[in-house]
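What follows is a short report on a single structure.
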Amino acid sequence: MSNKESTMADLTKEELLGMYRQMHRIRAFEMAVYDGVQRGVIAGGPHLYVGEEAVAVGVCTTLRPMDYITSTHRGHGHLIAKGGQLKPMMAEILGKATGYCKGKGGSMHIADLNLGILGANGIVGGGLPTAVGAALSSKLKQGGWVVASFFGDGAANTGSFHESLNLAAAWKLPVIFVCENNTFAMFTPMEWTTAIKDLSARAAAYGMVGTTVDGNDVLAVYRAAVEARERALAGEGPTLLECKTYRFLGHYVGDPEDYRKPGEVEMHKKNDPLPRFEKVLIEAGMINKELMQQMMAETRQEAKEALEFALSSPDPDPSELTMDVRRPFKPLGDLERVSYIVEEGVG
Amino acid sequence: MSMREISYLQALNEALHEEMARDMDVFIMGEDIGLGKGTLGVTEGLRHEFGPERVRNTPISEQALVGAALGAALTGCRPIVELMFIDLLGVCMDQVANQVAKVTYMSGGKARPALVIRTQEGVGLGLAAQHSQSLEAWLVHIPGLIVVAPSTPFDAKGLLKTAVRDDNPVFFIEHKLLYSLKGPVPEEEYLVPLGVADIKRKGRDVTIVATSHQVQYALAAATTLALEGTEAEVIDPRTLNPLDVETIAESVRRTHRLVVVNEGCRTGGYASEVAATLGEHVFEYLDAPIMRVAAKDAPIPANLQLEREVVPKEEDILTTVRQMVGSSGW
Ligand SMILES: Cc1ncc(C[n+]2csc(CCOP(=O)(O)OP(=O)(O)O)c2C)c(N)n1
C-alpha cells in the first residue's frame with residue numbers, strides 16, 4: 001500500500017470531501033477579495049493565499065476546536081481552515097463594524113479567540129512567540145491543546161524565529177511550526193537570502209524534528225501534521241514542518257510581479273493543489289465532475305455572499321475610534337488604598 | 001492598618017509571593033531568576049515555594065519571552081516577565097509595541113493580554129550607557145500599554161499586586177536606587193489603584209511632579225524649600241500612562257506653578273509630556289512657565305562623577321523652583 005492510500009484510509013470520505021471543499025472555499029474567498037480590490041472596495045493591498053491552500057487545510061484538518069493557531073499577513077486561508085466564517089472575515093477585510101474585529105484589525109489582524117485563532121500578524125515572524133506562549137499555557141494549565149504557528153520562508157530568517165524555536169524546544173512545548181516556503185519573501189527569491197535549500201534542516205540545530213513535505217499535496221501535509229501533533233501531545237516537543245509551495249498571485253494585490261522568471265507561474269500552475277487533490281479523489285471514486293462543479297459553484301456563491309454582506313454592512317461609528325485601546329481598570333473593592341502617608345507640609 | 005518598615009525590594013517580593021499563592025494562573029519568567037536570589041533579588045524564594053514550572057528561568061530571548069507572555073495571557077494565564085534592564089527594550093520592542101500593546105484594539109476588544117512586564121531603570125551603579133537609561137517616554141507613546149513606576153515600598157507592593165490582577169498589559173518600571181529604600185507597608189493585604197496619582201507632600205506655593213527615584217530628590221528639595229519659606233507640593237503620578245491629569249491640575253490651580261522632574265532625557269521626554277498636557281489644562285492659572293528638570297541629552301557616562309551630573313538631583317530642582325518663585329511671574 002502506498003503512503004497516499006494509507007493516509008486516505010484513516011480519513012473518512014466525509015472528511016476528505018470536507019478538506020476538498022475547504023480548499024475550494026479558500027480559493028473562492030481569495031478570488032472574491034481580489035475582485036473587491038479590482039472594484040475599489042477593498043483597500044490595504046491584501047496578501048492572498050491562492051496556490052497555498054493545501055498547507056492550511058492539511059494542517060488544520062489535524063486540529064481540534066480547542067487547539068490554537070497563529071497566522072500571518074497571508075492569513076485568510078489559515079483562518080478559514082481553522083473555522084473562520086466568510087462573512088465576518090470579509091467584513092473585517094473591508095473594515096466594517098460587522099467584522100471579526102469591528103473593522104479595526106483588517107486583513108492582517110483577524111483574530112477570533114473562540115475559534116482558537118490567536119491572530120494574524122503584520123510583522124513578519126511576529127506571531128511565533130505568541131504560539132510558544134499559548135503552548136506554554138497548555139503545559140502549565142494541562143489544557144491538552146497544541147498550537148500550529150504558520151509563517152513564511154522569509155520569517156525563517158528573523159530573530160524571532162530563532163528565539164521561538166529554541167524556547168519551544170528547550171521547554172518541549174506542543175507547537176507545530178509550519179513554514180510555508182513559497183520560494184519568495186515579497187520580491188526576493190529565497191536563494192538570495194538563504195544558504196540552505198530545505199529550511200527544515202534548521203530543526204536539528206534546536207533539537208527538534210524537522211520535515212520537508214510537498215506543500216501542494218494536501219495529504220502529505222496532513223500526514224506530517226498528524227505526526228507533529230502526536231509528538232506534541234506525547235510531550236516530545238515541537239516540530240518544524242516545512243511545506244514547499246508557490247503563490248500564484250502577487251505578494252499583494254497590485255504587485256507588478258516583475259521579479260518572476262518568464263513561464264514560472266505557468267509551470268507551477270501544473271502543480272496546483274486543487275486539481276492534484278481532485279485527481280486523487282476521482283481515482284478513489286469519491287468524487288465526480290458533477291460534484292466538483294457543484295462544490296466550486298457553492299463555495300463561489302458563499303464568497304460572493306460574503307462580499308455582499310460586507311458591502312452592505314455599516315462602517316464602525318467614529319465615536320468608537322478610541323474604544324478598545326485598553327480595558328477599563330478592574331474595580332479593587334475593599335482592598336483599595338490610594339495613599340498611605342503624606343509627608344508634613346503646609347497645604 | 002498595622003504597619004512595619006520594609007524595603008522596596010521586599011515589598012515587591014511580597015507582592016509576587018502573595019499573587020502567585022492567590023492565583024494558580026500567575027507565573028513568572030525571566031533570565032537568571034532560578035537559582036539563589038535572582039539578578040535583581042526581587043524573585044528570591046519564589047522558585048523554592050512555587051517550583052520550576054511557575055518560576056521559569058529562561059534563555060536570553062527577550063522577544064520570545066514577551067511574546068510568549070502574550071500567548072500565555074491570551075490562553076488564560078497571567079504571566080509576569082522580568083526584563084533584566086529596561087535598556088533591553090530595544091531587542092523586544094516589536095513584541096511590546098506591535099503585539100502586546102495593540103492586540104486588544106486590533107481584535108476589537110476581544111483579546112485579554114493580562115500580563116505584566118517588570119523591569120528596572122535608572123542610573124546609580126556606574127553601569128554606563130546601555131544599562132542605566134530611563135526609557136518610559138518610549139513606552140507612554142504606545143497606546144494600549146499601561147506604564148507604572150512606583151517610588152515607595154507602599155506603592156511598589158500595592159501597584160504590583162493590582163497590575164497582576166488587571167486585564168491590561170502593564171509595564172512595571174522599578175528603579176535600581178529604590179530597591180534598598182525602606183518605608184511603611186501595611187501588614188494587611190491592600191491594592192493601589194492604577195491611574196491614580198499620589199500627593200506625597202502637601203504644599204501651597206509650587207507643584208513638583210516627580211517620578212520614580214526622582215520623587216526622593218523632590219521630597220528632599222521640598223524640605224529645604226520649606227526652610228526658605230516655600231511650601232512645595234510633591235506629586236507622584238505612579239501610573240505614567242494613563243496620567244491622572246486631574247490630581248495634578250487641581251494642585252496647580254492652587255499653587256500656580258509647576259515643575260516636572262524625570263530622569264529620562266529632556267528632549268521628547270516624559271517630563272515634556274506632563275508639561276504639555278498640564279499646559280493645556282491649567283495655562284490660565286499659571287504664574288510662571290512650566291519648567292522641566294530632566295536628564296541632559298547625552299548617553300549615561302561610565303564615570304561616576306559624570307553619571308551624577310547627567311541626571312537631575314536635588315540641587316537642580318532647588319535651582320529651578322527658586323528661580324520660579326523668585327521671579328515676578330511671566
Ligand atoms: C519584520 C518585517 N519586515 C518586513 C516586513 C514587510 N514584509 C511584509 S511581508 C514580507 C515578506 C514575507 O515573506 P514570507 O515570510 O516568506 O511570507 P510570504 O509573504 O511569502 O507568505 C515583507 C518583507 C514586515 N511586515 N515585517
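Order of the sequence lines fixes the chain letters, A, B, ..., with proteins taken first and strands second; residue numbering starts at 1 for each chain. As the structure is a prediction and not an experimental result, all values here were calculated from the model.
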Quiz prompt | Short side-chain to backbone donor-acceptor contact, A/S164 and A/F161, under 3.5 Å | solution = no
Practice problem: Counting only heavy atoms closer than 4.5 Å, note whether A/P331 contacts chain B via side chain, backbone, both or neither. | Solution: neither
Quiz item: Does B/Q95 offer a backbone N or O that forms a donor-acceptor pair with the side chain of B/N98 under 3.5 Å?
Solution: no
Exercise. With a 4.5 angstrom heavy-atom cut-off, could you sort out which part of B/I146 is near chain A: side chain, backbone, both or neither?
Key: side chain
Exercise. Over 60° means perpendicular and under 30° means parallel, so classify the ring planes of A/F151 and A/F177, tilted if in between.
Key: perpendicular
Return a table of donor-acceptor pairs under 3.5 angstrom between the side chains of residues 24-33 of chain B and protein atoms on other chains or two or more places apart.
unit_1, atom_1, unit_2, atom_2, d
B/D25, OD1, A/K141, NZ, 2.7
B/D25, OD2, A/K141, NZ, 3.2

Exercise. Against chain A, label B/A226 side chain, backbone, both or neither, depending on which of its atoms sit under 4.5 Å from a heavy atom there.
Key: neither
Quiz item: What residue in A/D334, A/D112, A/V325, A/I110 has the most heavy-atom pairs under 4.5 Å with chain B?
Solution: A/V325
Self-check item: Modelled atom types, side-chain donor and acceptor of A/T239 and A/R231, under 3.5 Å
Solution: yes
Quiz item: Who wins among B/V234, B/V192, B/L145, B/V100 for the most heavy-atom pairs under 4.5 Å with chain A?
Solution: B/V192
Contacts table for residues 118-132 of chain A: side-chain donor-acceptor under 3.5 angstrom, sequence neighbours left out:
unit_1, atom_1, unit_2, atom_2, d
A/N121, OD1, A/I123, N, 3.2
A/N121, OD1, B/Q99, NE2, 3.0
A/N121, ND2, B/Q99, OE1, 2.8

Quiz prompt | Under 4.5 Å from any heavy atom of chain A - which part of B/P242 | solution = side chain
Quiz item: Using non-hydrogen atoms only, which part of A/M108 is less than 4.5 Å away from chain B: side chain, backbone, both, or neither?
Solution: neither
Quiz item: Who among B/T162, B/L194, B/T255 has the most heavy-atom pairs with chain A under 4.5 Å?
Solution: B/L194
Quiz item: So what's closer than 4.5 Å to chain A heavy atoms on B/T58: side chain, backbone, both or neither?
Solution: both
Quiz item: Pick from B/K161, B/R56, B/R238: which one has the most heavy-atom pairs with chain A under 4.5 Å?
Solution: B/R56
Practice problem: Could you tell me which residues satisfy ring-ring contact (aromatic ring centres under 6.0 Å, His included) with A/W171, sequence neighbours excluded, listed by chain and number? | Solution: none
Quiz item: So which of A/L167, A/T70, A/L140 has the largest heavy-atom pair count under 4.5 angstrom toward chain B?
Solution: A/L140
Quiz prompt | For chain B, the option from A/L173, A/L113, A/T322, A/N114 that forms the most heavy-atom pairs under 4.5 Å | solution = A/L113
Quiz item: Under 6.0 Å from the CG atom of A/L233, do we count more than 12 heavy atoms belonging to anything else shown?
Solution: yes
Exercise. Any chance you could lay out the side-chain contact (heavy atoms from CB on, under 4.5 Å) test for B/F171 and B/L89, step after step, and finish with the verdict?
Key: CA-CA 11 Å; B/F171 218 100; B/L89 203 43; 3.7 Å; yes
Quiz item: Under the 3.5 angstrom rule, does the side chain of B/R78 hit a backbone N or O of B/R165 as a donor-acceptor pair?
Solution: yes
Quiz prompt | Check: A/V146 main-chain N/O paired with A/D67 side-chain donor or acceptor under 3.5 Å | solution = yes
Practice problem: State plainly whether the residues B/R112 and B/D167 are in salt-bridge range, i.e. N to O under 4.0 Å. | Solution: yes
Quiz item: Given that the side chain runs from C-beta out, which part of B/V196 has a heavy atom under 4.5 Å from chain A: side chain, backbone, both or neither?
Solution: side chain
Self-check item: Contacts of residues 72-102 of chain A with chain B (heavy atom under 4.5 Å)
Solution: A/Y100, A/C101, A/K102
Quiz prompt | Residue A/L332 versus chain B: region with a heavy atom under 4.5 Å | solution = both
Quiz item: Are any side-chain N or O atoms of A/S138 and backbone N or O atoms of A/A134, one a donor and one an acceptor, separated by less than 3.5 Å?
Solution: no
